[in-house]
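One structure below.
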Amino acid sequence: MELYQRFLTEKVDAKGLLTGIDFHAPDNFNFGFDVVDYYGTEEPERRAMIWVSSEGEERIFTFGEMMRKSAQAANYLKALGISKGDRVLLVLRRHWEFWPIIVALHKLGAICIPATDQLKEKDFVYRFNAAGVKAIICTTTGTVIEEAESAAEKCPQVTVKVSAVSERAGWHFYNAECEGYPEVYERPTDGSAPMRDEIMLMYFTSGTTAYPKIAAHEHTYALAHFLTAKWWHNVRKDGIHFTVAETGWGKAVWGKLYGQWLCGACVFTYDFERFDQEKLLGMIEKYRITTFCAPPTIYRFMIKADLSKHDLSSLEYITTAGEAVNPEVFNQLKAATGHSLMEGFGQTETTLTVANLKGMTPKPGSMGKPTPIYKLKLVSADGSDTPMGEPGEICIDISEGRPYGLFREYYGDSESTHRAMHDGLYHTGDMAYSDEDGYLFFVGRTDDIIKSSGYRIGPFEIESVLMEHPAVLECAVTGVPDPTRGQVVKATIVLVKGYEASEELKKEIQTFVKNLTAPYKYPRVIEFAEELPKTISGKIRRTELRK
């Protein structure tokens with residue numbers, strides 16, 4: 001029996017396609033004790049992670065070592081005063097310390113809040129106060145610890161400060177102090193053990209239109225990522241999975257922790273400081289990566305590189321999420337690698353919601369079909385189901401209770417929780433339409449839809465056409481006011497090196513779009529820019545462009 005079969009049952013049809021998952025986790029399910037310590041005891045020499053620093057230093061961690069290091073970390077953090085229910089902010093980039101520390105916090109029942117090292121002082125102040133953070137564990141790489149320190153001085157509830165990687169005056173030093181603590185931490189039997197329905201993890205949302213909200217997840221969230229790892233990433237025990245994500249974002253636990261370790265697979269972590277496509281491709285080649293997941297932006301850079309210089313023959317499966325994939329990227333990648341890019345969709349608030357799962361035939365430009373964990377509806381503004389081919393808001397049916405993987409609430413914000421969860425539905429705020437085969441195609445956020453001369457135009461379909469033009473590196477489509485049409489389409493474009501902005505190029509691009517899609521969709525306004533405004537998670541701030 002595989003470990004995951006203790007907690008869930010898969011349902012598979014005659015064609016080998018997943019049709020459902022029944023979860024049956026015990027009341028005290030805990031990822032640290034029930035997954036990490038299981039493998040650490042039963043298969044202690046099984047590889048859990050290969051970690052490579054930006055300088056090329058390599059470390060291989062077994063599950064036995066992760067069990068011991070997470071036990072040490074739990075004992076250490078407990079000695080510092082961290083206990084069940086305390087909120088702990090983790091700013092650890094891709095440093096190996098993130099893994100034993102987050103597992104330790106799960107064992108303690110403390111609530112971990114991963115965050116990016118791109119935060120500034122005001123970002124930390126907001127997060128410290130909004131989540132009631134008691135402790136911060138922070139990298140010393142770059143200047144982020146100075147920003148965090150300045151913020152902590154304004155937030156007296158932050159009483160525990162721990163640095164990782166190197167020492168800092170006034171902070172505990174994890175790498176030195178933790179070593180002296182016992183390598184055993186047993187599940188408590190006095191009634192204080194964390195329970196499956198208690199909050200385990202919180203993430204601040206991207207905040208594209210307002211201050212970030214706090215999506216709170218329970219311990220069962222980890223189990224729902226079994227679908228992510230086995231049926232989307234297609235990991236296997238003797239393979240090596242590489243998800244390119246910094247630990248401050250939800251995508252890291254999607255691809256570098258929960259589902260992969262539940263399946264007993266090894267994860268690969270490249271702790272780079274600045275993205276370099278050649279070095280990244282070199283890592284895939286050197287370590288014989290079998291399954292790979294990255295955001296579309298990285299794939300766009302990859303197809304601009306000379307892939308023939310690298311031996312990528314170890315790759316068996318490639319996936320993507322984070323933003324919609326333009327068909328041009330899908331087609332070029334297929335031509336270069338021979339693999340179809342299997343797109344998926346989810347949010348900070350969910351696990352994998354829509355996807356091209358293992359065994360499915362992907363359609364270029366489609367997110368795939370609803371995953372078996374969630375019952376989805378496409379809903380119009382009046383609450384009715386939208387017919388095939390018409391865009392509607394992606395909603396999750398919660399009329400019979402929240403499915404595994406869906407967040408519990410926006411922590412400390414009942415108003416936002418109610419706005420998102422009402423009338424038996426969780427409203428994602430994302431728009432899509434379905435085709436005759438049930439595949440979903442992303443349209444945009446509900447507030448991104450452009451209404452021009454009676455037409456409803458989704459920005460993504462125009463962006464997909466624009467991306468096929470050789471001059472376009474990145475683009476974003478928004479609506480701008482027009483006295484005659486209400487709104488017209490505007491494209492903000494970042495050009496590929498070697499192209500120069502000009503009126504002639506604008507006209508060329510407009511004609512290009514007219515020839516490839518309905519003429520009413522072409523961008524009547526084009527603006528060239530050096531870069532696009534983005535959130536710290538890398539998502540385009542269309543609200544800023546609209547302003």
Side-chain angles (χ1 to χ4, degrees), residues 51-55 57 73 76-77 79-82 86-102 104-105 110-179 201-207 211-214 245-253 269-276 531 533-539 541 544:
W51 178 87
V52 180
S53 74
S54 57
E55 292 80 28
E57 176 194 356
Y76 169 61
L77 296 174
L80 294 182
I82 296 173
D86 288 337
R87 273 79 72 198
V88 182
L89 198 74
L90 302 183
V91 188
L92 292 172
R93 292 177 53 84
R94 297 175 181 84
H95 303 328
W96 66 262
E97 292 88 347
F98 173 83
W99 282 262
I101 288 173
I102 193 171
L105 292 173
I111 299 169
C112 50
I113 311 171
T116 175
D117 71 334
Q118 298 176 50
L119 300 179
K120 299 299 182 183
E121 179 186 329
K122 67 178 179 62
D123 303 313
F124 278 114
V125 169
Y126 172 72
R127 283 158 175 76
F128 288 159
N129 291 331
V133 170
K134 176 179 180 176
I136 177 171
I137 304 175
C138 190
T139 177
T140 50
T141 304
T143 60
V144 65
I145 200 164
E146 286 87 353
E147 302 284 351
E149 189 169 63
S150 297
E153 291 171 1
K154 300 177 180 179
C155 303
Q157 76 275 17
V158 182
T159 57
V160 180
K161 298 182 296 182
V162 181
S163 74
V165 181
S166 61
E167 294 183 77
R168 183 171 179 83
W171 291 60
H172 294 282
F173 182 28
Y174 169 83
N175 303 64
E177 297 173 9
C178 187
E179 289 300 314
L201 177 75
M202 300 200 302
Y203 275 106
F204 281 83
T205 62
S206 296
Y211 278 114
K213 299 185 287 291
I214 311 169
E246 194 239 285
T247 61
W249 308 116
K251 194 61 176 64
V253 296
T269 297
Y270 176 33
D271 191 11
F272 61 85
E273 294 191 20
R274 182 170 295 181
F275 172 70
D276 182 315
E531 60 183 13
K534 295 178 181 176
T535 67
I536 51 178
S537 64
K539 294 183 179 178
R541 297 184 64 94
E544 191 170 318

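We're numbering straight along the sequence, starting at 1.
- Contacts classified as salt bridge (charged side-chain N to carboxylate O under 4.0 Å, His left out) and involving residues 150-165 (residues at least two apart or in different chains) are given here: Glu121-Lys154.
- Distance check: Cys138 SG to His95 NE2 gives 8.5 Å after rounding to the nearest 0.5 Å.
- In this structure, the side chain of Thr247 does not engage the main chain of Ala252 through any donor-acceptor pair within 3.5 Å.
- Between the SG atom in Cys112 and the CD1 atom in Ile102 there is a gap of 4.0 Å [rounded to 0.5 Å].
- Scanning for salt bridge (Lys or Arg N to Asp or Glu O under 4.0 Å) contacts around Lys251 gives an empty result, with sequence neighbours left out.
- In this structure Asp86 satisfies the salt bridge (Lys or Arg N to Asp or Glu O under 4.0 Å) test together with Lys134, sequence neighbours excluded.
- Scanning for side chain to side chain contact (heavy atoms under 4.5 Å, CB included) contacts around Glu57 gives Trp51, Ser53, Arg59, with sequence neighbours left out.
- In this structure Asn175 satisfies the side chain to side chain contact (heavy atoms under 4.5 Å, CB included) test together with Trp96, Glu97, Ala164, Phe173, sequence neighbours excluded.
- For the atom pair NE2 (His172) and SG (Cys178), the distance works out to 12.5 Å, reported to the nearest 0.5 Å.
- Between the OG1 atom in Thr116 and the CG atom in Leu92 there is a gap of 11.5 Å [rounded to 0.5 Å].
- With sequence neighbours left out, the side chain to side chain contact (heavy atoms under 4.5 Å, CB included) criterion links Ala131 to Ile113, Val133, Met202, Phe204, Ile214.
- The closest side-chain donor-acceptor pair between Asp123 and Gln118, if any, does not fall under 3.5 angstrom.
- For residues 136-148, the pairs satisfying salt bridge (charged side-chain N to carboxylate O under 4.0 Å, His left out) are Glu146-Arg168, with sequence neighbours left out.
- Evaluation of the ring-ring contact (aromatic ring centres under 6.0 Å, His included) rule for Tyr203 yields no partner, not counting sequence neighbours.
- The structure places CG of Leu105 at 10.5 Å from CD1 of Ile111, a figure rounded to the nearest 0.5 Å.
- Of the residues Val165, Asp117, Val144, the one that meets the side-chain contact (heavy atoms from CB on, under 4.5 Å) test with Arg93 is Asp117.
- Checked against ring-ring contact (aromatic ring centres under 6.0 Å, His included), Phe98 has no partners two or more places apart in sequence or in another chain.
- A distance-only check finds a donor-acceptor pair linking the side chain of Tyr126 to the backbone of Pro212 [under 3.5 Å].
- For Ser166, the side chain to side chain donor-acceptor pair (under 3.5 Å) partners are Thr140, not counting sequence neighbours.
- With sequence neighbours left out, the salt bridge (Lys or Arg N to Asp or Glu O under 4.0 Å) criterion links Glu177 to no other residue.
- Annotation for Ile136 and Phe124: closest pair CD1-CE2, 4.0 Å, computed over non-hydrogen atoms.
- Residues Phe128 and Ala152 approach most closely at CE1-N, 3.7 Å, considering heavy atoms.
- Closest non-hydrogen pair, Pro100 versus Tyr174, comes out as CG-OH, 4.0 Å.
- For Arg94, there are no salt bridge (Lys or Arg N to Asp or Glu O under 4.0 Å) partners at least two apart in sequence or on another chain.
- With rounding to the nearest 0.5 Å, the separation of CG in Leu77 from CD1 in Ile101 is 6.5 Å.
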